[in-house]
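The next block holds one structure in the form of structure tokens; read it before the comments.
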Protein chains: 2
Amino acid sequence: MSAAAPSSEPASRRTELLAIAAGLFSQKGFRNTTVRDIADAAGILSGSLYHHFDSKESMVDEVLRTFQDELFGQYDDILLGDADPRTKLERAVEVSFAAIDRHPHEVAIFQNEASYLGAFERFGYLAERNAQSRAVWLTLLHDGVREGALRADLDVELTYRFIRDTVWVAVGWYRPGGKLTHDVIARQYLAILLDGIATSPAAPPAPTKGR
Amino acid sequence: MSAAAPSSEPASRRTELLAIAAGLFSQKGFRNTTVRDIADAAGILSGSLYHHFDSKESMVDEVLRTFQDELFGQYDDILLGDADPRTKLERAVEVSFAAIDRHPHEVAIFQNEASYLGAFERFGYLAERNAQSRAVWLTLLHDGVREGALRADLDVELTYRFIRDTVWVAVGWYRPGGKLTHDVIARQYLAILLDGIATSPAAPPAPTKGR
DNA sequence: GTCTATAGGGGGATAGAC
DNA sequence: GTCTATCCCCCTATAGAC
């Protein structure tokens, strides 16, 4: 097998091919993307791909590992920092939206294919990363409650799911380079998450000012 | 082709087969589910399926249409009702979580396959339903702002996306019959959405009570 | 590093017997 | 309503030439 280890050289052909594959995987799904699709997009024939990679699986594997190593490194930095709980939570949200901005394909692949790929031994690390992600958010939320920054009656597990879902699913509609930048979205999202959208808790029918 | 119209009789074989197919489509994805998978699960051979349906596409088509007709009927009832804006918004959220409870497979299929299926002419109605859903939520949000129930500075478009995403993506982890019932989840979710998770807007580091 | 050629398997769908 | 048998296409991956 000629597939060599990624050797940090001049953004190699290997890297180019991975980027092309990632785009297709995110757009059409892993199974629904054929090696011929990838080869076509790269301007070569399908057989030639196997000079660079062992298999289609190897491609998605390398894409996901590279992305996750970077993302979880950022989470770790936040957790190890000495900011207050609310700030840490805000930073984690910001970092996540920034990841969607910089690596939309990778995020989409992880979102859409994790459950399918996770069934293979080779991709067992996906479940580990998932647990690690949960641990990060639960830590942030528990710290926030303990220090009084978040409501004491919070269902932390449920809140974690809502945050996780809302943040990552944004990859479905966020467009890098569009009108809304990732940091604006993060701020707006945090405003809703932290303070809600209502004018007051269980507001009365409102003193009929409009209509 | 023998595929007859659904004739409302005793939960027919046809209906059974659709339920089996829906379960597989939601679990493994549409493309990743073979007609042989469906036939196996039904205890028959793949060729026999074509006595009931024209094609695999026809199956997913019927599943989605049936579900969406029901769901949007409920949305319409809410919109046409005379409740106040906040109550309408709450009901729409409740109805959506109830739909996840009663039709988890259908919701999952719509969530995961809409973008793929939508590319075919036959499934053009998926895009229409999507636009209809957006119209429902935007109406609810705009009414809420106009009547003073929701913050005047709300980014309605962005809020719509967050609501939509968080509600439907719950199908990924919600388990009918589990500890958390759909109405409890809806209430908890509305608590976060309407009032936020923070103790106070931009709370100070908190009078260090714990640690 | 890419091409030609092809092996080997699985997919959707059909025709006709029972 | 189901089964047997099968067609034809597309998929991943390989072997060896250039």
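Naming convention: chains lettered A, B, ... in sequence-line order (proteins, then strands); numbering from 1 in each chain.
Positionally, the nearest nucleotide of DNA chain C for A:Leu17 lies more toward the 5' end than for the other of B:Arg31 and A:Leu17. Comparing A:Thr34 and A:Gly47, the nucleotide of DNA chain D nearest to each residue sits closer to the 5' end for A:Thr34.
Other residues, nucleotides and ligands contribute at most 12 non-hydrogen atoms within 6.0 Å of the CZ atom of A:Arg91.
With D:dG1, C:dG12, C:dT2 as the candidates, the nucleotide lying closest to the side chain of B:Val35 is C:dG12.
Remark: P of D:dC11 and CD1 of A:Ile38 are 12 Å apart, rounded to the nearest angstrom. Protein atom CG of B:Asn32 is 9 Å distant from nucleotide atom P of C:dG11, rounded to whole Å. At whole-Å resolution of the value, NE2 in A:His51 and P in D:dC18 are 18 Å apart. Per the geometry, CE belonging to A:Met59 stands 11 Å off C1' belonging to D:dA13, to the nearest Å. Going from atom CD of A:Glu57 over to atom P of D:dC11 covers 17 Å, rounded to whole Å. Atom NZ of A:Lys56 and atom P of D:dC11 are 9 Å apart (whole Å). Per the geometry, CG belonging to A:Asp37 stands 7 Å off P belonging to D:dC11, to the nearest Å. Between B:His52 atom NE2 and D:dG1 atom C1' there is a gap of 6 Å when expressed in whole angstrom units.
Taking 4.0 Å as the cut-off between side-chain N and carboxylate O, B:Glu157 and B:Arg134 count as a salt-bridged pair. With respect to B:Glu62 and B:Arg14, a salt bridge is recorded, a charged nitrogen being found less than 4.0 Å from a carboxylate O.
Classification of the B:Phe123-B:Phe120 ring pair by plane angle, with boundaries at 30° and 60°, yields perpendicular.
Between D:dG1 and B:Arg14, no contact under 4.0 Å exists linking OP1 or OP2 to a side-chain N or O. At least one side-chain nitrogen or oxygen of A:Tyr50 sits closer than 4.0 Å to the OP1 or OP2 atom of D:dA13. A close approach under 4.0 Å does occur between a side-chain nitrogen or oxygen of B:Ser48 and OP1 or OP2 of D:dC3. Between B:Arg13 and D:dT2 there is a side-chain polar atom (N or O) within less than 4.0 angstrom of OP1 or OP2.
Judged by distance alone with a 3.5 Å cut-off, a donor-acceptor contact links the side chain of B:Arg36 to the base of C:dG12.
Note on B:Ile44: only backbone sugar-phosphate atoms sit closer than 4.0 angstrom, heavy atoms only; bases stay farther off. Contact annotation for A:Thr33: backbone-only contact, meaning every heavy-atom pair under 4.0 Å involves sugar-phosphate atoms and none involves a base.
Aromatic ring centres of A:Phe162 and B:Tyr189: separated by under 6.0 Å.
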